[in-house]
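Residue indices begin at 1 and follow the sequence shown.
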Amino acid sequence: MNGGRSIWAITPEERDKHDQKFDSLSPAQGFVSGEQARKFFLQSGLPASVLAEIWSLADMNKDGKMDRLEFSIAMKLIKMKLQGQNLPTALPIIMKQPPVHAPILLSSGIGSMSNIPMMPTMPVLAPLNSLSPVQGMTPLMPTGLPMPIMPTINTPALPNGPVLSFFFPSSSSSSTTSLVSSSPMAGPSDWAVPHSSRLKYRQQFNSLDKQMTGYLTGLQVRNAMASTLLTQTQLAAIWNLADVDRDGKLRAEEFILAMHLVDMAKQGQPLPLSLPLDLVPPSLRCSAFSFMYLCMCVFSVCAVSFEDKFKRNLELGNAELEKRRQALLEQQRREEERRAQKAREEQERREREVRELELRRKREEEQRLERQRELERQREEERLKELERKEAAKKELERQQQLEWERRKKQELQSQKSQEQEDIIRLKAKKRSLEMELEAVGNKYKQISDKLRDAQAKKKVKKIELDGINQKRDSCIIEVNSLQQQFESVTEKDLNCRKLKEQLDVLEKETAAKLSEMDQYKKDIQVSMRNMEHEQQVHFKLLHNFLWMPKCVLLCVLMVIGNRLPIHRKSAALTRFKALYPFAARNEDELSFETGDTIEVDETIEREAGWLYGSHQGKVGWFPESYVEKQSKPEPPSKPLTEASLPSGLGQNSAFTPTHAPTTTSSEHNQMVGNLKVLALCSWTAKTDNHLNFSKDDVITVLEQQENWWLGELNGKQGWLPKSYVTGFLTCDLYPNMCVYLFCFCVNVRVLSIYLSLEYVALYTYESPEPGDLTFNEGDTILVIQREGEWWRGSIGDRSGLFPSNYVKPKETDVIVDTFCFKKIAQVTTSYTASGTEQLNLAPGQLILILSKNPTGWWLGELQARGKKRQKGWFPASHVKQLGSNSGKSTPAAVAVCQVIAMYDYTAANEDELSFSKSQLINVLDKSSPDWWKGEVNGLTGLFPTNYVKMTTSDSDPSQQWCADLTSLDSMSPQEKKRQGYIHELIETEERYMEDLQLVLEVFHKPMSESGRLTEAEMNMIFVNWKELIMCNTKLLKALRVRKKMGGEKMPVQMVGDILAAELSHMQAYIRFCSCQLNAAALLQQKTDQEPDFKDFLKKIATDYRCKGMPLSSFLLKPMQRITRYPLHIKNILESTPESHVDHAQLREALEKAEELCSQVNEGVREKENSDRLEWIQNHVQCEGITENLVFNSLTNCLGPRKLLHSGKLFKTKSNKELYAFLFSDFLLFTQAVKQFTSSGSDKLFSPKSNSQYKMYKSPVFLNEVLVKLPSDPSSDEPIFHISHIERVYTLKTENINERTAWVQKIKAGSEEFIETEKKKREKAYQARSMKASGIGRLLVTIQEATELKSSKPNGKSNPYCEVTMGAQCYTSRTLNDTLNPKWNFNCQFHIKDLYQDVLCITIYEREQFSPDDFLGRTEVPVATIKKELENKGPAIRRLLLHEVPTGEVWVRLDLQLFDGKAPK
């Protein structure tokens, strides 16, 4: 063990040096504190982590301080580490030799050695004291004595000294010394201790004996012997041998003997079991023999007188000797056990060395593989360097050419420089001449200045005199003005009094006139109301007569109302269209035809885009314009038509000719028409003799009809004319009395509609503190007197006032006239899913009977579904188109293109303009002009400026919304059109969803919080983490907007998969919200059921027009609905994306992330217990001292949703302090109890009734930075374990062994999962970057710096980093702390696959610890744009603005290189 061949052995010289260093640190009570040792060890230059490991090895008793042995071990380990040796995993046995604790050793009594029993001295002394004759006698000197009575007793018989010590106590050492002094002394030459050693250790004894007492105590010897590094057993044996007189002290010779024995032990010589005679100090050797001689004399005297007692004592002595022998045997057995223990330790050391050799071999193998990989990397770098060398050679050639050009340029500049130098010389000469002239002028100036100063002095004197005169004049003027003002004020007051009196007289006259007018107006209203009631009765009688008119007349009236009969319609000629594809009518309003059929169309009829109204084979109806093509105008026949030339099907009526008289005759080829009058739309000149000339507005009698040509008569002349040049009109001759009926009907309907529109029904309760407002309850009937803008005037009984128009709807009536005129039919264009029970579900093609219209864009209607019960409800007007009263495809009124909302008030400046108020909805009818649009509000139509409004969301055709250029839209493939439509549908629905989230905060959360009806806990329970949802979706929407903006406004978006894949992985806030949604809904329902006031309050705040009639519960369901629609949106986009598209792989990854998120939400709902416990911790743990807001039930930085792995009570080992620890999936939190609100003691964790509060004990410890260890003796019954962190080591204790096992296993598992996740993330990024280049070029990017970033933290500080991506390729910069202007200067390289689809995306995040990284800005640059900007310019530095943030920009160096070696051109 102490042979010195091991490298870890500490030599005596090293030990001396270590002791000197130890003493220089001024140890306290033989120990150096941890702070003193840390400062001293840091001077070695080793890292703090290595020094921490050395401390853990050297501090054997883990007491946080070091004695001499531990300090020496630490110094040895530092020296070996500096020499390049690896630190051992465990401290070598050869170094484990702690010093002996002298005070403890001496207190136990080395001289009395409890393991060797002493014989009592009383039996020997008793007989001596019992001899009465011998008490006064002097000791007799034996002469001629026989052999000693105890021949077996000699000095070296026992290991602990002569056997006499058993008969006389050690306290009699003074008497023994006196005997020695009277005995002859032996010379020092007989002592086995060398003379040099005696001198050396005598000096050491003198240095230690500072009090000059002549002896050293155990405490003084302890420090001297502690530096010998001998074991405690060896030191005890040396003390036992050296303390010859057994007085617990060492005199000079005893100290010399002890140090000589130490030298023997250091040299490896075995220590004797008993002190040999030659080692006994000479001064003590004679006293021992004198003492033995005295004992023998006593024995002889006692033997003469008391033989029996002597025998008894002899037996006792033999028994004691037997005990001594047994003690020696026991000591020998223990020595053998010690040797066996040493052998086992040696075996363990050998096995440990074998393991270390194996580990070293593995490390060497890994190093060999690493060197091999390094060689491969070097070869790859050499290949790249070769390519770069070639590129450099090319650049060198270009540089030489540039130098040549610069040389020529330099020569030119040199010649120019010489010319300019000559000019300079010439100018210098001119300058000198000018300076001389200037000097002359200066002298002249000096003379003039002197004269001027004299004049100024005279002027000052005159000015002083003038100022005095002016002051007198000003004082006089002020007095005059004051008197004049007093006079004017009196005159002005008199005039004002007269004017006020005149105004008062005028006002009195006007007031009297107004009062008289109001009385007359009141009387007129009463008379008009009576007249209106009388007229209403008359109108109903006329209506009754109208309903009983003949059916044919009624049919004509309905046709006139539905625009079926174009009476005196002035329109263009009919146009023929040829069917390209067959079309089957889906309802009665549409027209069916086959391929090749000819359809006649009147293009002047108002119609929807893409639809035509025409006739074919006597049937009329609507059909798609894309199914037909327009034909050129046919030439009229050059000769009268014969039967053979007439086209087939002539007997079929045109849809644009009136019904013929019953006397009309028809044949197979033509049709005779009697007394049919038509009106000429325009003039026409006959082309042949059989044609008929006519002028515009001529009335022509039609005699015969063909398909396109009619035979007519005008002024007695007959001829053929084109049918498209005339139109039919209705005459009173055909239908007698019909015009009268029609006139009466229209008049009555108009008057009745005016009357019925005066009554409205209140949709909501309206309360107002203003005195001029009309208050009402839900369901009240209001008579509207005046309608202006959004505020109308009405009355209820004898009360009247103003009220908002969006709080009422027209009163429904059962009058039969409403069936014909007031109720309109609308057809559903796009599907709509109801968000409440009061709304309708719509499907394309359904028909709805409109019952009422709301100015906010919501209509009340009845769903016309065949075979089903008719449903009534509200629906958005943007999902339907209004049809005529008698035909589903008849000419409708102007259809709104979209809806906008007013941002400011606007008053019309001209008659054709439209006035509106802020936040009012406007239906846009025409948006062809970019600056002025045509719109409709409350029935008023006009123009308005586009910069006063903002767009609202719409569900019309996506392709007509996002694409500004229809030509580029037509150039796309159908699949790409569909894909772009789905992408923009995703963006628009995301915008609407964000508006709904913000609306909940403004309309519901803020009033509920300010009203005080709910506690803060109840508010948190209802809205949970609503703001976190807004934050998650804001990041997604910002990224989508940036991508859309980079591609161009209303232009195709090439890639969205990378954004979706990146952002969907950070939406785990939905897990917490959805898991708590059931509790929120239950609480909201309980509140509304139990508190009517709260129910009315919710109903009142839900009347905001933006809510569209939906309650709070409907909005709380939107996050769950939205999260389940992401997979559907992405799947639609993915199905329309070709596999060869650059976005296909990203979309597939995004779909996996979306589906995984949905499954995590479902799992979160199922893991309700974990969510509840996290919410409990949030409410009971005070996290003070952390800069970041810590939300437990939320998303971690990189491990997904946070989970609680374990929790419980722990104790600190030293102070026994009680801690409560919570182990999460990403960090470990230590807390301590603050206070208890109950007197029953500590509550159980996670109990709903618990009032305990906890505060953070230490900063959270992240699991990727910890190492958990069991104690060195795992078999110990004490449940202790260690947690090593970067900053400190925690030694903790649990209540039992099982709890300790659970903590250790949970922490290890969490730490491994954390580290593995980070490793996979790094490997994924590395794999994406290290993929073999297969593109057409590469882009070298250097992110230099970012400026003016906007931090989201309250303290304004930020820890930014930059992420640069292009598709799956991703690079991340380092994080810079506490700066808003980071300077990264990091390089990255991207392989370009598609020059026109790849996009360089730069995103800046703020590094967070407990939550996902915060968004600080994003910018994108298409590679095509980079190519265009770098054309023939080489690398360039660009400043890019960050989007979707208030401020921020990033400086980037871009270098585009194509693989053909050419720069981008």
Side-chain angles (χ1 to χ4, degrees), residues 565-579 596-605 612-620 628-731 733-734:
L565 294 178
I567 299 177
H568 294 286
R569 184 192 304 266
K570 293 186 178 182
S571 60
L574 297 177
T575 308
R576 298 180 64 191
F577 285 80
K578 182 179 180 181
D597 290 349
T598 302
I599 302 104
E600 295 179 348
V601 177
D602 184 0
E603 293 184 318
T604 61
I605 296 178
L612 295 174
Y613 189 76
S615 67
H616 173 62
Q617 295 181 356
K619 298 181 179 180
V620 294
V628 298
E629 68 175 356
K630 192 174 184 179
Q631 291 185 339
S632 58
K633 284 189 176 182
E635 292 295 331
S638 59
K639 58 182 179 178
L641 299 176
T642 62
E643 292 183 1
S645 64
L646 291 176
S648 61
L650 193 60
Q652 301 169 355
N653 297 334
S654 172
F656 301 100
T657 60
T659 307
H660 308 305
T663 59
T664 304
T665 60
S666 61
S667 63
E668 181 180 358
H669 299 288
N670 53 38
Q671 181 177 5
M672 301 302 296
V673 181
N675 198 22
L676 174 62
K677 304 293 184 179
V678 294
L679 181 69
L681 298 174
C682 57
S683 301
W684 189 68
T685 304
K687 303 296 189 295
T688 59
D689 296 337
N690 60 346
H691 291 177
L692 181 65
N693 289 314
F694 54 86
S695 300
K696 184 179 179 182
D697 295 332
D698 287 346
V699 178
I700 306 170
T701 303
V702 178
L703 304 177
E704 183 180 349
Q705 291 183 359
Q706 292 188 7
E707 183 176 2
N708 295 316
W709 290 84
W710 288 356
L711 181 63
E713 181 179 359
L714 176 64
N715 299 327
K717 295 181 180 181
Q718 294 185 1
W720 292 93
L721 67 147
K723 183 180 67 173
S724 59
Y725 276 68
V726 298
T727 182
F729 64 94
L730 190 63
T731 63
D733 298 336
L734 295 177

Nearest-0.5 Å distance that lies between atom [atom1] in [X] and atom [atom2] in [Y]:
X	Y	atom1	atom2	value
Glu704	Gln718	CD	CD	10.0 Å
Lys630	Thr575	NZ	OG1	5.0 Å
Asp698	Asn715	CG	CG	7.0 Å
Arg576	Thr598	CZ	OG1	5.0 Å
Leu711	Asn690	CG	CG	9.5 Å

Inset, instruction - Report yes or no: does His616 contribute a side-chain atom to a donor-acceptor pair with the main-chain N or O of Glu600 at less than 3.5 Å? - result: no
Legend entry - Over all atoms of both residues, closest heavy-atom pair of Ser695 and Ala680: O-CB, 3.2 Å
Legend entry - Closest non-hydrogen atom pair between Ile700 and Glu713, with its separation: CG2-O, 3.6 Å
Inset, instruction - Identify the residue among Val702, Val678, Val699 that makes a side-chain contact (heavy atoms from CB on, under 4.5 Å) with Val726. - result: Val678
Inset, instruction - Let me see the working for Leu692 and Trp720 under side-chain contact (heavy atoms from CB on, under 4.5 Å), right down to the final yes or no. - result: CA-CA 6 Å; Leu692 181 65; Trp720 292 93; over 6 Å; no
